[in-house]
Amino acid sequence: MSPVPRVRLSGGLEICRVLNGMWQVSGAHGAVDNAKAVEAMQAYVDAGLTTFDMADIYGPAEEIFGRFNSQCKSSGNDIPALQSLTKYVPRPEPMDREVVEKALQRSMTRMQVDSLDCVQFHWWDYKDKRYLDALGHLSDMQQEGLIRELALTNFDTQRLEEITSRGIRISSNQVQYSLIDQRPVAKMEKFCLANDIQLLTYGTLAGGLLSERYLGKAEPTSRAELYTASLSKYKNMINSWGGWSLFQDLLVALETAAKRHDCSVASVATRYVLDRPAVGGVIVGCRLGVAGAGQHIGDSLRSCSPDLKLTVEDHATITAVTRRSRDLVALIGDCGDEYRS
């Protein structure tokens, strides 16, 4: 088996190009057994998928990582190094040094680490300029060694330019990017390439909708059918993008490519985004500790394998569908604008 490919962020941290996403333990994707979630993490690490993405607002995600991290350290076994990317998502309030540092210390305690590999900062309201205060303090803490990589989540290109122009070094920006939502191509991609900023993408599999499971199926509309937060969120994105009929055409195109390469629809969809300029990694959600949930490690490994190379024919088949979709930049705005009014 080929080793999982890695990308080096601007501060020197090397992460897997497929990251294990932990939003799914927040409670909106099924009841989570924390002990079983910790236990389930080992299979990912054994497969070489050692990078975990979490947040201070993802329920017990940081604590679950912390318990696993502690077990690894105390086991005495030769465990590969883990990379832990968390998010700092503050409520609107004065962003003085004490407030910011207290939040990071809380994450460090939960994660059972002495410093943070990567802090990805999110802010809800651009009109409230205190995000610049927070980022100034985070940058200082990076210089002091508390944070290795300073990154963003769901910031648009305009704000990314504003922040970097102040001399704040940003390693990555986490944004939605998939065959359905290709808004990063409009502006974000060019700026990131010019400034050594990696895009870490989520929603790349549309919460599982980009899979064989939904090929040829009637449109899901009920809460029972859209039973996780991800399914509901990305079904709404499909509605905006072009609707269920066009989505079925996309699944047919992906299945055609998948058959050529003897892999899954999910692997093709992930590979497509991994190959895009400025994309450092794709975050694939893991329903750790959720009864009956599959983990799809094989698909993740296949998607980043050097053996999977999408051809000109594959791209033509896919583009023939995606070019018929609506312009999401015109409908929604730049990356992250869906979270802001």
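All residue numbers refer to positions in the sequence shown, counting from 1.
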Please check this pair: side chain of [X] against backbone of [Y], looking for a donor-acceptor N/O pair closer than 3.5 Å.
X      : Y      : result
Ser267 : Asp299 : yes
His137 : Met95  : yes
Gln142 : Ile147 : no
Arg326 : Gly243 : no
Glu14  : Val7   : no
Glu149 : Gly12  : yes
Glu338 : Gly336 : yes
Arg287 : Val25  : no
Asp56  : Val89  : yes
Thr319 : Ala316 : no

Query raised in the report: Mind checking whether Tyr131 and Phe155 have parallel, tilted or perpendicular rings, split at 30° and 60°?
Result: perpendicular
Does a side-chain heavy-atom distance below 4.5 Å link [X] with [Y]?
X      : Y      : result
Leu49  : Ile297 : yes
Ile180 : Leu210 : yes
Asn69  : Phe52  : no
Leu231 : Tyr214 : yes
Leu288 : Val32  : no
Phe65  : Arg110 : no
Glu39  : Asp33  : no
Thr322 : Leu250 : yes

Do [X] and [Y] have side-chain atoms, one donor and one acceptor, less than 3.5 Å apart?
X      : Y      : value
Gln83  : Thr50  : yes
Asp334 : Thr157 : yes
Arg159 : Tyr126 : no
Asp53  : Tyr58  : no
Thr164 : Asn195 : no

Pairwise distance [atom1]([X]) to [atom2]([Y]) - rounded to 0.5 angstrom:
X      : Y      : atom1 : atom2 : result
Cys263 : Arg271 : SG    : CZ    : 10.5 Å
Leu251 : Glu212 : CG    : CD    : 8.5 Å
Ser300 : Arg302 : OG    : CZ    : 13.0 Å
Leu85  : Leu9   : CG    : CG    : 7.0 Å
Ser84  : Leu19  : OG    : CG    : 11.5 Å
Trp244 : Phe247 : CH2   : CZ    : 5.0 Å

Requested in this report: Please report the closest heavy-atom contact between Pro94 and Val99, naming both atoms and the distance.
Outcome: O-CG2, 3.8 Å
Output yes when [X] and [Y] qualify as a salt bridge under the 4.0 Å nitrogen-oxygen rule, no when they do not.
X      : Y      : answer
Arg130 : Glu93  : no
Lys309 : Asp314 : no
Glu225 : Lys235 : no
Glu162 : Lys129 : yes

Among the clusters formed by ILVMFWY side chains lying less than 4.5 Å apart, do [X] and [Y] turn up in the same one?
X      : Y      : value
Phe121 : Leu13  : no
Phe191 : Leu193 : no
Ile15  : Met22  : no
Leu82  : Val113 : yes
Ile283 : Ile170 : no

Requested in this report: Could you check Leu226 against Arg223 for side-chain contact (heavy atoms from CB on, under 4.5 Å), going step by step and ending with a plain yes or no?
Outcome: CA-CA 5 Å; Leu226 302 170; Arg223 189 168 182 177; over 6 Å; no
Report task. Using ring-ring contact (aromatic ring centres under 6.0 Å, His included) as the criterion, list what pairs up with His122, not counting sequence neighbours. Result -> Trp124
Query raised in the report: Listed by chain and number, what are the ring-ring contact (aromatic ring centres under 6.0 Å, His included) partners of Tyr234, not counting sequence neighbours?
Result: none
Query raised in the report: Just wondering, more than 12 heavy atoms not from Lys217 lying within 6.0 Å of its NZ?
Result: yes
Report task. Check whether more than 12 heavy atoms from other residues, nucleotides or ligands sit under 6.0 Å from atom CZ of Arg324, and answer yes or no. Result -> yes
Requested in this report: Assess whether side-chain contact (heavy atoms from CB on, under 4.5 Å) is satisfied between Arg276 and Val185, documenting all intermediate values.
Outcome: CA-CA 9 Å; Arg276 299 302 302 162; Val185 175; 4.0 Å; yes
**Report entry** Chi angles and distances behind the side-chain contact (heavy atoms from CB on, under 4.5 Å) call for Leu135, Leu152
**Finding:** CA-CA 10 Å; Leu135 283 163; Leu152 300 172; 3.8 Å; yes
Requested in this report: Return each pair, listed once, that meets salt bridge (Lys or Arg N to Asp or Glu O under 4.0 Å) where at least one residue sits in residues 167-182; pairs must be two or more places apart or across chains.
Outcome: Asp181-Arg183
